[in-house]
Amino acid sequence: MSCTIKKRQSVLRNLFCFAVVSLIIMLTVGCERKAEAKQTLVVATEATFPPYEFYRGNEIVGIDMDILREIARRNNLHFQIEDMSFDSLITAVQTGKVDLVASGLTVSPDRARQVAFTRSYANARQVVIVPENSPITGREDLRHYRLGVQHGSTGDMYVSEHIGEAERFTNGALAVAAMNAGKLDAVVLDNAPAENHVAGNKGLKILPEPLVEEEYAMAVSKSRPELLEMLNKSLAELEADGTLARITEAYMKDNKPENTAEAHGAWARLKENFHTNFIKNDRWTYLVKGFCVTIEISAAAAVMGILLGFLIGVIRSTADQTGKLRFLNALCRLYLTVVRGTPVVVQLLIIYFVIFGSVDISKVLVAIVAFGLNSAAYVAEIVRSGIMSVDPGQMEAGRSLGLGYGTTMRNVILPQAFKNVLPALGNEFIVLLKETSICGYIALQDLTKGGDIIRSQTYDAFLPLLAVALVYLSLVVLLSHLLKKLEIRLKKNER
Ligand code: GLN
């Protein structure tokens, strides 16, 4: 019996040391990344808005990005781009997460109440994209059909105010893809990306009559008048010396996206689609890059979840069994109630925008903390149930041998509890791994976001989603296999 316990203890000790060391390494890597990025102008954008911002390879390019590059060059600054969901852009600038928004952003009175706009640098229109054979001819017909818009855009606001209900997508490209799949009858979007999408998709057209005229400007926090002044001055110079017009023209004529399958026959089409989605422009690299981010966040969060979860689980069960640690137990219960009572995406956003709102911290680190804290709550309950499942006689036996409560817990109860809860813990890791797919909300390019970028470029939902699903599935299968091995090893040690 003592030999078994020793073996189990040594497995646990090794796991524990490995966990602590990996957590420290991962957190350090996360911190260092941010340190490199200091002293730069951080710009938020939503990079599926060609020709203003879009991915070319792994780089974000477009009219807005070239304007920024020019402004940065003339003012001797660096700039760093954060690609995030469109509806997070204004919050990001308000909370100080970024210095400015450059994202084909329309000036509107509602937005002007929250952020300061620079002078305008482009004119735009909200237009309607429909299939070529659509019965829709103008604004009046729209209310009878299924409309798609980009969530939080001025197109979204216009439709809600003047037309009626619409389906909201995270970006215009996904709405167009939904229309291609027959799920929508029309998409309301800004004219420049609309022209781009129509050029990239067979059988679509733009209705001649625009819904509303708009102007684009950059946005900064109202508390940064010096930045606003610098941007206004630079934009005025770029306009006066013709640079603005030159950049805009170059993109307007240069940027025609490629279409997906032209080939005939299912097999030939699949081959061509595969080429377009993964090989062309090295798009597979979005998935590889995303895969690394997903692994880094999941692994570090799992380690953090285990360490913290074990601690909370032990506190809770000690309180249950001995009536001690009342205050700590109450704190832990509060923590569990809050974490388990709110969605993880809300926690992630609160941690990013509110708790670390004004702290200059790497997003990878924010995600690790958010998922780690979340996972700890579930691990804690798993551990508690594991401890409770160990026969109370074990504790009594340990105590009657003269061992203290802590020693008995550490050397007798916890090793047995760990073995009992391993399947449930494994399940928690699997959930955690898949949960990290919401990282895109804070502009992290994880595996899911990598697939989203491909979808927004190729308008093909099937292959990118299938690829992403297959990668997650393989990871889960591998993880389950490793856990099974660990379980078998622990069982062998028992004999
Ligand atoms: N111009 C629109 C808006 O500001 C859409 C911009 C975008 O999608 N990047 O709401």
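Note that ligands are numbered from 1 as they come in the structure, with each ligand's atoms numbered from 1 the same way. Note: hydrogens, waters and symmetry copies are ignored here, and every other heavy atom, side chains too, is used.
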> Taking non-hydrogen atoms only, is E215 closer than 4.0 angstrom to ligand 1 via side chain, backbone, both or neither?
Replying inline: neither
> Using heavy atoms and a threshold below 4.0 Å, how should the contact between Y52 and ligand 1 be classified: side chain, backbone, both, or neither?
Replying inline: neither
> Out of D190, D64, N123, which residue meets the side chain to side chain donor-acceptor pair (under 3.5 Å) rule with Y216?
Replying inline: D190
> Are E215 and T106 linked by a side-chain donor-acceptor pair shorter than 3.5 Å?
Replying inline: no
> So, T243 versus E70: side-chain donor-acceptor pair below 3.5 Å or not?
Replying inline: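 T243 vs E70: no donor-acceptor pair found between side chains.
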> Is the shortest distance from a heavy atom of R111 to ligand 1 less than 4.0 Å?
Replying inline: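 Per 4.0 Å heavy-atom rule, R111 contacts ligand 1.
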> Among the heavy atoms of Q150, does any lie under 4.0 Å from an atom of ligand 1?
Replying inline: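 For ligand 1, residue contact (heavy atoms, under 4.0 Å) with Q150 is present.
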Tell me, which protein residue and heavy-atom name are nearest [atom], and how many Å apart are they?
atom: atom 5 (C) of ligand 1; answer: D190 OD1, 3.4 Å
atom: atom 6 (C) of ligand 1; answer: G104 O, 3.2 Å
atom: atom 9 (N) of ligand 1; answer: S103 O, 2.7 Å

> Purely on distance, is any nitrogen or oxygen of T106 under 3.5 Å from one on ligand 1?
Replying inline: yes
By number and element, which atoms of ligand 1 are closer than 4.0 Å to a non-hydrogen atom of [X]?
X: F86; answer: 3 (C), 4 (O), 5 (C), 6 (C), 7 (C), 8 (O), 9 (N), 10 (O)
X: L105; answer: 4 (O)
X: T154; answer: 1 (N), 2 (C), 3 (C), 10 (O)

>> Between Y55 and Y286, is the ring pair (Phe, Tyr, Trp, His ring centres under 6.0 Å) condition met? List the steps.
In response: CA-CA 10 Å; Y55 278 89; Y286 295 124; 5.5 Å; yes
> F86 and F49: aromatic ring centres closer than 6.0 Å?
Replying inline: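 No, too far apart.
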> Would you say T118's side chain and L231's backbone share a donor-acceptor pair under 3.5 angstrom?
Replying inline: no
> More than 12 heavy atoms of other residues, nucleotides or ligands under 6.0 Å from OH of Y441: is that the case?
Replying inline: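 No, not enclosed.
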